Participant: 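First the structure, which I've put down as structure tokens, then a few questions once you've had a look.
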Amino acid sequence: MAEAHWYVVHTYSGYENKVKANIDKTIENRHLEDEILEVRVPMQEVVEMKNGAKKSVSKKMFPGYVLIHMIMNDDTWYVVRNTRGVTGFVGPGSKPVPLTEAEMRPLGIKTESVEVGFGEGDTIVVTAGVWKDTVGVIQSINHGKQSVTINVEFFGRETPVEISFAEIRLL
């Protein structure tokens, strides 16, 4: 299986959050969760002076750009490239170029891999969050998001729930 990298997508200015929402919805509709792992609009906290008072506000770090963590293939390229508001990938011609580790470091995005001591079919208990003390069997593992999917009984039905690695332990 190909490896996921971070890519930069150019958007119309002011459309960054709309592009993120559109791509997130397309990922859900086309079931591309394993190929397009994350879509981000990098933000930073900035202190502004307004009417003599300091105010902390979130501003886009790169207006007109969205970061996407994905496995590059024809399907994912097509989905992102044809999203309303996207003008193209950053790179020469039509070939997107992934960001390097050195370029990712200042953004605070870590691409570390985590070794886990459990697998699909193992029984785990949730140790934190909304589903604390819930026992479930791992249905799938998403190493990119560092999460597992378990089925829990919710209103009398089996419902898949995504839980972070940090919130579980083997039973």
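Since we're looking at a predicted model, the values are computed, not measured. Throughout, numbering of the chain's residues begins at 1 and tracks the sequence.
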Participant: Is it true that, when you exclude Glu28 itself, more than 12 heavy atoms of the residues, nucleotides or ligands shown sit nearer than 6.0 Å to its CD?
Facilitator: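 Counting neighbours around CD of Glu28, 12 or fewer heavy atoms of other residues, nucleotides or ligands fall under 6.0 Å, so no.
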
Participant: Would you say the side-chain atoms of Thr87 pair up with the backbone N or O of His10, donor to acceptor, closer than 3.5 Å?
Facilitator: yes

Participant: Could you please spell out the steps behind the ring-ring contact (aromatic ring centres under 6.0 Å, His included) verdict for Tyr12 and Tyr15?
Facilitator: CA-CA 5 Å; Tyr12 295 129; Tyr15 277 71; 5.7 Å; yes

Participant: Before you tell me yes or no, could you show the steps for Leu67 and Val39 under side-chain contact (heavy atoms from CB on, under 4.5 Å), namely the whole-Å CA-CA distance, both residues' side-chain angles and the distance that decides it to 0.1 Å?
Facilitator: CA-CA 6 Å; Leu67 300 178; Val39 182; over 6 Å; no

Participant: Between Met72 and His5, does a side-chain contact (heavy atoms from CB on, under 4.5 Å) hold up when you go through it step by step?
Facilitator: CA-CA 8 Å; Met72 183 60 71; His5 296 285; over 6 Å; no

Participant: Does the side chain of Ile168 come within less than 4.5 Å of Thr127's, by heavy atoms?
Facilitator: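 They are not in contact (no side-chain heavy atoms under 4.5 Å apart), so the answer is no.
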
Participant: Do Trp77 and Pro96 have side chains that approach each other closer than 4.5 Å (heavy atoms only, starting at C-beta)?
Facilitator: yes

Participant: Counting N and O atoms only, with roles assigned by atom type, does the side chain of Glu38 sit under 3.5 Å from a partner on the main chain of Ile36, one being a donor and the other an acceptor?
Facilitator: no

Participant: Any chance the side chains of Glu45 and Ser58 put a donor and an acceptor closer than 3.5 Å?
Facilitator: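 On atom types as modelled, these side chains qualify, holding a pair under 3.5 Å.
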
Participant: Measure the shortest side-chain to side-chain distance between Ile124 and Val135 over non-hydrogen atoms and say whether it is less than 4.5 angstrom.
Facilitator: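 No, their side chains stay 4.5 Å or more apart.
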
Participant: Identify the two heavy atoms, one from Pro160 and one from Thr149, that lie closest to each other, and give their separation to 0.1 Å.
Facilitator: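 Scanning both residues, the minimum pair turns out to be CB-CG2, 3.9 Å.
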
Participant: Give the intermediate values and the outcome of side-chain contact (heavy atoms from CB on, under 4.5 Å) for residues Asn151 and Gln139.
Facilitator: CA-CA 7 Å; Asn151 283 342; Gln139 303 299 315; 3.8 Å; yes

Participant: Do Asn82 side-chain atoms and Tyr78 backbone N/O form a donor-acceptor pair below 3.5 Å?
Facilitator: yes

Participant: Where is the tightest heavy-atom contact between Val161 and Val152, given as atom of each residue plus distance?
Facilitator: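 Between these two residues, the closest heavy atoms are CG2-CG2, 3.3 Å.
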
Participant: Is the side chain of Glu16 donor-acceptor paired with the backbone N or O of Gly64 at a distance under 3.5 Å, no angle test?
Facilitator: yes

Participant: Determine the minimum heavy-atom distance between Val97 and Pro92, stating which atoms define it.
Facilitator: CG2-CD, 3.4 Å

Participant: Taking Thr83 for its side chain and Val86 for its backbone only, find out whether a donor-acceptor pair lies under 3.5 Å.
Facilitator: no

Participant: Between Ser147 and Glu162, do the side chains contain a donor N or O and an acceptor N or O under 3.5 Å apart?
Facilitator: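 Ser147 and Glu162 do have a side-chain donor-acceptor pair below 3.5 Å.
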
Participant: Output yes when Glu48 and Lys59 qualify as a salt bridge under the 4.0 Å nitrogen-oxygen rule, no when they do not.
Facilitator: yes

Participant: Does atom CG of Asp74 have more than 12 heavy-atom neighbours, drawn from other residues, nucleotides or ligands, at distances under 6.0 Å?
Facilitator: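 No, CG of Asp74 has 12 or fewer neighbouring heavy atoms, counting only those of other groups under 6.0 Å.
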
Participant: For the side chain of Arg30 and the backbone of Val79, is there at least one donor-acceptor N/O pair under 3.5 Å apart?
Facilitator: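 Checked: no pair found.
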
Participant: Check the orientation of Tyr7 and Phe89. Use parallel for under 30°, tilted for 30 to 60°, and perpendicular for over 60°.
Facilitator: perpendicular

Participant: How close do Arg40 and Val66 get, counting heavy atoms only, and between which atoms?
Facilitator: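 Residues Arg40 and Val66, closest heavy atoms: O-CG1, 3.4 Å.
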
Participant: For a quick check under 3.5 Å, do Thr76 and Glu35 share a side-chain donor-acceptor pair by atom type?
Facilitator: no

Participant: Roughly how far apart are Glu167 CD and Lys132 NZ, rounded to 0.5 Å?
Facilitator: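 Going from CD on Glu167 over to NZ on Lys132, the span is 11.0 Å.
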
Participant: Over all heavy atoms of both residues, which pair between Thr11 and Tyr65 is shortest? Give the atoms and the distance, please.
Facilitator: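 That would be OG1-N, 4.0 Å.
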
Participant: Considering only heavy atoms from C-beta outward, does the side chain of Val41 approach that of Lys60 to under 4.5 Å?
Facilitator: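 Touching, per the 4.5 Å side-chain cut-off.
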
Participant: Would you kindly confirm whether Leu170 and Ile150 end up in one hydrophobic cluster when ILVMFWY residues are joined by side chain heavy atoms under 4.5 Å apart?
Facilitator: yes

Participant: Taking all atoms of both residues into account, what is the closest heavy-atom pair of Gly119 and Ile141, and its distance?
Facilitator: CA-CD1, 3.6 Å

Participant: Can Ile23 and Lys25 be said to form a side-chain contact (heavy atoms from CB on, under 4.5 Å), step by step?
Facilitator: CA-CA 5 Å; Ile23 293 174; Lys25 186 161 259 350; over 6 Å; no

